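What follows is a single structure, written as structure tokens, with notes after it.
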Amino acid sequence: MFDHIMQYQAEIWQAIGETFLMVGISITAAVLVGLPLGTLLFLCRKGQLLENRIVFSILNVFVNVVRSFPFLLLVVFLIPLTRFIVGTAIGTLAASVPLAIMAVAYYSRLVEQSLLEVPRGVIEAGRAMGASTLEIIYKFLYVDARSGLLLGLTTSTISFISYSTVVGIVGGGGIGDFAIRYGYQRFETDLMVFTIIIMLIFVQTIQFVGSTTARLIDKR
């Protein structure tokens, strides 16, 4: 079995690299767009610093709609947008477009939930000290919610890995594509099992690192 797997080591490493690329783009989108979006969702809620029912409703609907889509259908639905952005609907970069959009919606909701867990007194303390809205966000909210934000990003990353295997069905590359082409279509069960083991190792490692780090930075 090991010798058989070694015959495909080049393809396996390529698939792992493609998975890392897709997940890396998704994490970047989640942090750069999902974090501000989730923060804005929180701030625009009733009774918060930037209360705005219209903005909150628009953002809330966007997040709910994207998260409600079965991911495979979202990939198909976004083909025109994907073609416009990267010039093709097939390949690793093309698959990263719907994955990034799902990542933004998914993580923004977790960010909102993490910030809602911050005691109201933290915001009031910031106001009493004369802090601006941005200072309250960065020096109070994010500091108090950092453990929850990291756990949310850990959970999101694991979901992104799962989603990245789905895009293999539509030619997105990655571990999922390798498992389908070699493990399923060629009936090579050992390769299928090996790819599953790889995914389990990835997920367990990310969960351990994320949970451990979140526990260390949680000063509450």
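Numbering starts at 1 and runs along the sequence shown. Keep in mind that this is a model prediction, so the values were computed, not measured.
Nearest heavy atom pair, residue Ser211 against residue Leu151, reads CA-CD2, 4.0 Å. Closest heavy-atom contact between Met129 and Phe140: SD-CZ, 3.7 Å. When all heavy atoms are compared, the tightest approach of Ile123 to Phe42 is CD1-CZ, 4.0 Å. Here the closest heavy-atom approach between residue Thr82 and residue Pro98 is recorded as OG1-CD, 4.0 Å. Among all heavy-atom pairs drawn from Arg146 and Ile217, the shortest one is NE-O, 2.9 Å. Residue Leu99 comes nearest to Tyr163 through the heavy atom pair CD1-CB, 3.3 Å, listed as atom of the first residue, atom of the second, then distance.
Take Arg83 and apply the side-chain contact (heavy atoms from CB on, under 4.5 Å) test, not counting sequence neighbours, and it matches Ile79, Ala89. With sequence neighbours left out, the side chain to side chain donor-acceptor pair (under 3.5 Å) criterion links Gln113 to no other residue. For Phe20, the ring-ring contact (aromatic ring centres under 6.0 Å, His included) test picks out Phe202, with sequence neighbours left out. By the salt bridge (charged side-chain N to carboxylate O under 4.0 Å, His left out) test, Arg120 is found to be paired with Glu124, residues two or more places apart in sequence or in another chain being considered.
Between atom CG of residue Leu149 and atom OG1 of residue Thr39 there is a gap of 7.5 Å, rounded to the nearest 0.5 Å. Taking CG of Leu93 as the start and CD1 of Ile25 as the end, the distance is 5.5 Å to the nearest 0.5 Å. A distance of 10.0 Å separates CD1 in Ile158 from OG in Ser162, rounded to the nearest 0.5 Å. Ser156 OG to Leu110 CG: the interatomic distance, rounded to the nearest 0.5 Å, is 4.5 Å. Here the CE atom belonging to Met102 is positioned 5.0 Å from the CG atom belonging to Leu74, to the nearest 0.5 angstrom. Taking OG1 of Thr92 as the start and CG of Leu21 as the end, the distance is 6.5 Å to the nearest 0.5 Å.
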Inset, instruction - Kindly indicate, with the supporting measurements, whether the criterion side chain to side chain contact (heavy atoms under 4.5 Å, CB included) is fulfilled by Val75 and Val97. - result: CA-CA 8 Å; Val75 173; Val97 174; over 6 Å; no
Inset, instruction - For the pair Ile58 and Phe62, evaluate side chain to side chain contact (heavy atoms under 4.5 Å, CB included) and give the outcome as yes or no after the intermediate values. - result: CA-CA 6 Å; Ile58 293 173; Phe62 165 75; 5.7 Å; no
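Heavy atoms of other residues, nucleotides or ligands lying less than 6.0 angstrom from CG of Leu73 number more than 12.
Side chain of Glu51 to main chain of Gly47: a donor-acceptor pair is present (N/O by atom type, distance under 3.5 Å, no hydrogens or angles). Panel note: side chain Ser114, backbone Ala145; no donor-acceptor pair is recorded below 3.5 Å.
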Would you mind writing out the side-chain donor-acceptor pairs for residues 26-38 within the sub-3.5 Å range, not counting sequence neighbours?
| from | atom 1 | to | atom 2 | distance (Å) |
| --- | --- | --- | --- | --- |
| Ser26 | OG | Met22 | O | 2.9 |
| Thr28 | OG1 | Gly24 | O | 2.8 |

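The hydrophobic clustering, which links ILVMFWY residues whose side-chain heavy atoms are closer than 4.5 Å, places Phe56 and Val61 together. Follow the hydrophobic side-chain contacts under 4.5 Å out from Leu134 and you reach Val111 in the same cluster. One hydrophobic cluster, built from ILVMFWY side chains closer than 4.5 Å, holds both Ile137 and Leu50. Side-chain heavy atoms closer than 4.5 Å link hydrophobic residues (I, L, V, M, F, W, Y) into clusters, and following such links, even through other members, never connects Val209 to Val203. Note on Met199 and Phe208: separate hydrophobic clusters, where clusters join Ile, Leu, Val, Met, Phe, Trp and Tyr whose side-chain heavy atoms are under 4.5 Å apart, directly or indirectly.
Within the structure, salt bridge (charged side-chain N to carboxylate O under 4.0 Å, His left out) pairs that include any residue of residues 101-113 comprise Arg45-Glu112, Arg109-Glu112 (at least two apart or interchain).
With Tyr107 as the partner, the side-chain contact (heavy atoms from CB on, under 4.5 Å) test is satisfied by one option alone out of Val63, Thr157, Thr155, Leu153: Leu153.
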